Number of protein chains: 2
Amino acid sequence: MTTPNKVTDLFNQSVDDSDLSAKQKSVLQASLTLFSEKGFDRTSTSDIAKLANVSEGTVYKQFKTKEGLLHAILTPAIQQVVPKIANDFLTELLQNNNTDFKDFLKWLAQDRMTFAVENQAQLRILIQEIARSDGMFKRLGDTFMGKIAVHANTLFQKYQDNGQLIQWPMPRIARYIASAIMGYILPVILRNDHNLDIAQSSEEVAEFLYRGLKP
Amino acid sequence: MTTPNKVTDLFNQSVDDSDLSAKQKSVLQASLTLFSEKGFDRTSTSDIAKLANVSEGTVYKQFKTKEGLLHAILTPAIQQVVPKIANDFLTELLQNNNTDFKDFLKWLAQDRMTFAVENQAQLRILIQEIARSDGMFKRLGDTFMGKIAVHANTLFQKYQDNGQLIQWPMPRIARYIASAIMGYILPVILRNDHNLDIAQSSEEVAEFLYRGLKP
DNA sequence: TTATGATTAGTGAGTGCTCACTTACTAATT
DNA sequence: AATTAGTAAGTGAGCACTCACTAATCATAA
């Protein structure tokens, strides 16, 4: 439970799964780099073509529009940011052994921190989109409510019945867990910092959260 | 201590302090609205002129460039996001009465939540900028280290000596306080939500933080 | 007060440039 | 032979910004 699970690198995973040509892959890679470094709106398609060493027409052969390129990058990110966590909760639920709540917190933190460090560029682009359109945040929130809420609720209930978790409403508990972990992840993404000590950080945050959330 | 202090509305404050004409003020107001709704890059100067009911030349009479407009909006925001907190800490320090740590947490949360709700548009634009250039986040971080760290350190030390605060390093404590409060503020800003129950939320977050941070 | 000159505020039709996207073409693959 | 991938020179639209001009404001002297 405390060992890190396999958190996949989104780019390599979704690129390998698709049957894109080498040139198209380098278009995606160049877009990922430039979007995260300069922002979507300040990246031109000719910039992308130059960095990818292809002609500008090639950029449009596969991804019909510039937005389509953004979509190709963000869709796998969005689909993993939220639903992957749902799976984590389920896995934890299905193992009926009574895992320590603190261990679960540490494992969750570890898992999401690993994901964040391995997908910094995508997450930065996602944050840019969230800040621009209030629709994106609501969409993520809805996905969370739809896919995670039920599992999280059940799991938290178990810990509450165990006497390991305070009797607060589930959204309140979720908010503190999410924001504390975000407190480690966001600075890393926003500073382009590549030196997050995940073992140390997840231990720390689990300790704090457990103190704040035990009955 | 638990009563909210006066948190000023940035736009009205900085606009009234300046000697801008009515038209220039409406240019600023229109920019604020459009930048926060559509993002800086997707707002054209002709959009701004239209919403402000002025000619496009007027936009450029006072604020020489579009960037200058962004600057005029963000500078007061940046100067209040961080340094205002420094002042709060100082105020708290100078009242040498032994205020309860939990009361301080509640007051701090209340203060920043009020600020955030009253300056949603500016903060949303600031978040957009933070997400785009990693320089902005570092700049805020440096301002924090320069203006707040010392005061916060002294204050936390006092609470630690009081036996009200756990003996953790100051950055760790600051991180949890900041992220927990952010957990309430960010959703409000990113969803354009205008219904944050500040009294309830600040009480809640102070309760959680105190549980997690008491020795 | 009022006429005068000067400074500033505001206008809106340009202007040149960048950019997303197209298209007519060639090269490669099957 | 036919379909697909890749090319590179367009193209038109939109944009930030300018400029020649007019309207308003204001200081000062008759």
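Since the structure is predicted, the reported quantities are computational estimates derived from the model, not experimental observations.
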Report the residues that fulfil side chain to side chain contact (heavy atoms under 4.5 Å, CB included) with B/A121, sequence neighbours left out, ordered by chain and then residue number.
-> B/L32, B/S36

Sequence-distant partners of B/A178, side chain to side chain contact (heavy atoms under 4.5 Å, CB included), two or more places apart = none

Tell me: OH of B/Y60 to P of C/dA9, nearest whole Å?
-> 18 Å

Rounded to whole angstroms, how far apart are NZ on A/K61 and C1' on C/dA20?
-> 17 Å

Which part of the nucleic acid, if any, lies within reach of A/T58 when heavy atoms closer than 4.0 Å are counted: base, sugar-phosphate only, or nothing?
-> base

Heavy atoms under 4.0 Å, any strand shown: does B/V54 hit a base, just sugar-phosphate, or nothing?
-> sugar-phosphate

Name all pairs fulfilling the ring-ring contact (aromatic ring centres under 6.0 Å, His included) condition that reach into residues 32-51 of chain B, sequence neighbours left out, sorted by first residue then second.
-> B/F35-B/F40

So which pairs with a foot in residues 42-67 of chain B pass ring-ring contact (aromatic ring centres under 6.0 Å, His included), sequence neighbours left out?
-> none

So do A/L70 and A/E67 actually touch side chain to side chain, heavy atoms under 4.5 Å?
-> yes

Apply side-chain hydrogen bond (donor to acceptor under 3.5 Å, both in side chains) to [X] and list each qualifying residue two or more places apart in sequence or on a separate chain.
X: B/E56; result: B/T45
X: A/E207; result: B/R172
X: B/D47; result: B/K38, B/S44

Can you list, by residue number, the residues of residues 62-70 of chain B that have a non-hydrogen atom closer than 4.0 angstrom to DNA chain C?
-> none

Looking at residues 35-50 of chain A, who's got a heavy atom less than 4.0 Å off DNA chain C?
-> A/T43, A/S44, A/T45

Contact span of DNA chain D against chain A, any nucleotide atom under 4.0 Å from a heavy atom, 5' to 3', runs D/dA5 to D/dA8

Counting only pairs under 3.5 Å, give me each side-chain donor-acceptor contact of residues 179-186 of chain A, with atom names and distances, residues two or more places apart or in other chains.
residue, atom, partner, partner atom, Å
A/S179, OG, A/R175, O, 2.9
A/S179, OG, A/Y176, O, 3.3
A/Y184, OH, A/E204, OE1, 2.6
A/Y184, OH, B/Y176, OH, 2.7

Under 3.5 Å, which donor-acceptor pairs do the side chains of residues 134-141 of chain B form with other protein atoms, sequence neighbours left out?
residue, atom, partner, partner atom, Å
B/D134, OD2, A/N192, ND2, 3.0

